Amino acid sequence: MNLSDDGPLRIATLDPGERTQLAELARALPGDEDARVDDERWIAAVRDAWEDAPAGLRRALREFRRHSGQAGTLLVRGLPVADDVGDTPSVAGSVERKATVSASVLMLIAHGLGDPGAYRPEKTGALVQNVVPVPGQENLQANSGSVHLTYHIENAFHPHRPDFVMLLCVRPDHEGIAELRTCCTRQVIPKLSEEAKTNLLTPQFRTDPPPSFSDLQSGNHDATSHAVLTGDPDDPNLCYDEAATTPLTEAGVEATKELNDLFQSSFNAIRMRAGELAIVDNHVTVHGRSAFTPRYDGRDRWLQRTYVLANLRDSRGNRPGDGYVMGT
Ligand SMILES: O=C(O)CCC(=O)C(=O)O
Ligand SMILES: [Fe+2]
């Protein structure tokens, strides 16, 4: 395992031996027809197998879990994804239910940070979701779009939002220009004016569900006002989605303008290649994506996404039968 930094971004690169070890672990998981990534028995096998994952990778995740660094982002390079992945899906709500190499790698790594988790109203509650451009949805502020995707905390409106968002690149975009962009509070707090900081620490904002929560769009979501920054003002948590958070006051409008400008001038740009995984600390780091041009030819950009819950017990009341999927 090679650990390096690209500015504030932390990078962990598997060596070929570790890559092979992880690929073998993924392939040794139950792989018959019943091996569905959402099946609790299969997940139990993954949890057990994770203990045999390369020690260097387990260490890097343990460190990141303790403190996610200046960029709140860890880029893991050199992960195995099969060569014969097939065409990039192009339908809305596409998910991966089969235990493919990439899906298995995501589910394995989730156990280095906590447990996997999902939300029933979003992508049918699948634990591994395809992030792909969908014809007709180009302009949507969702991961199926291909215009610039604005900065957001994943599922910012949700009381049990994910602790970590994992995005694994199965196939890059044709031109290799699509950038996953992340920006951490630790990169912007020192540059924020005292006035904006005070206002962001004040509950004067409302956040609605994103378009991916289709069932909740009809106004049956009870949004209370909240602060954008909470906790220690020197290292606060962040709850913000540029497209879904509404400032309820003029001061709030000014403060979010300043925050957006700082995200725009301080972000980490990640042009992911196949086998690269970005792990985002969803408590302190927003993410977004630059625009790119899909061709819908089966070779478009394809990421797979899995959410991680660091403390599964916290959301027990939302997870029927102690499963991995929240009911709402
Ligand atoms: O397409 C990307 O790089 C990120 C999309 C996104 O925000 C997500 O899938 O949560
Ligand atoms: Fe996102």
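Counting starts at 1 for both ligands and their atoms, following the listed order. Predicted model only: the values in this text are computed from it and were never measured. The residues of the chain are indexed from 1 along the displayed sequence.
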Open item on the list: Using only atom types and a distance under 3.5 Å, with no angle test, would you say the side chain of Arg77 pairs donor to acceptor with the backbone of Ile11?
Closed with: no
Going by the order shown, which atoms of ligand 1 are within less than 4.0 Å of some heavy atom of [X]?
X      : value
Val131 : 1 (O), 9 (O)
His152 : 7 (O)
Leu167 : 9 (O)
Leu149 : 5 (C), 6 (C), 7 (O)
Leu303 : 2 (C), 3 (O)
Asn143 : 5 (C), 6 (C), 8 (C), 9 (O)
Glu154 : 10 (O)

Open item on the list: Which atom name does Glu154 have for its N/O/S atom nearest to the Fe ion (ligand 2)?
Closed with: OE1
Closest non-hydrogen protein atom to [atom], residue and atom name please, with distance?
atom                    : value
atom 3 (O) of ligand 1  : Arg301 NH2, 2.8 Å
atom 10 (O) of ligand 1 : Arg305 NH1, 2.8 Å
atom 4 (C) of ligand 1  : Leu180 CD1, 3.9 Å

Assign the ring pair [X] / [Y] to parallel, tilted or perpendicular, where the plane angle (0 to 90°) is split at 30° and 60°.
X      : Y      : value
Phe263 : Tyr240 : tilted
His148 : Tyr151 : perpendicular
Phe164 : Phe64  : tilted

Task: Vertex the Fe ion (ligand 2), rays to NE2 in His287 and NE2 in His152 - rounded to 10° - done: 90°
Open item on the list: For Asn130 and Glu96, which I'm curious about, is there any donor-acceptor pair between the side chains at under 3.5 Å?
Closed with: no
Task: pair Met166-Leu277: side-chain heavy atoms closer than 4.5 Å - done: yes
Considering only NZ, NE, NH1 and NH2 on the basic side and carboxylate oxygens on the acidic side, decide whether [X] and [Y] come within less than 4.0 Å.
X      : Y      : value
Glu258 : Lys197 : no
Lys257 : Glu254 : yes
Asp235 : Arg186 : yes

- [ ] Report the C-alpha distance between Arg316 and Asp314 in whole Å, list the side-chain angles of each, state the deciding distance to 0.1 Å, and finish with yes or no for salt bridge (charged side-chain N to carboxylate O under 4.0 Å, His left out).
- [x] CA-CA 6 Å; Arg316 179 64 186 87; Asp314 261 6; over 6 Å; no
- [ ] Report the member of His287, Met272, Arg181 with the shortest heavy-atom distance to atom 7 (O) of ligand 1.
- [x] His287
- [ ] Take every heavy atom of Glu179, measure it against each atom of ligand 1, and state whether any distance is under 4.0 Å.
- [x] no
Open item on the list: One residue to check: Val165. Relative to ligand 1, which of side chain, backbone, both or neither has a non-hydrogen atom less than 4.0 Å away?
Closed with: neither
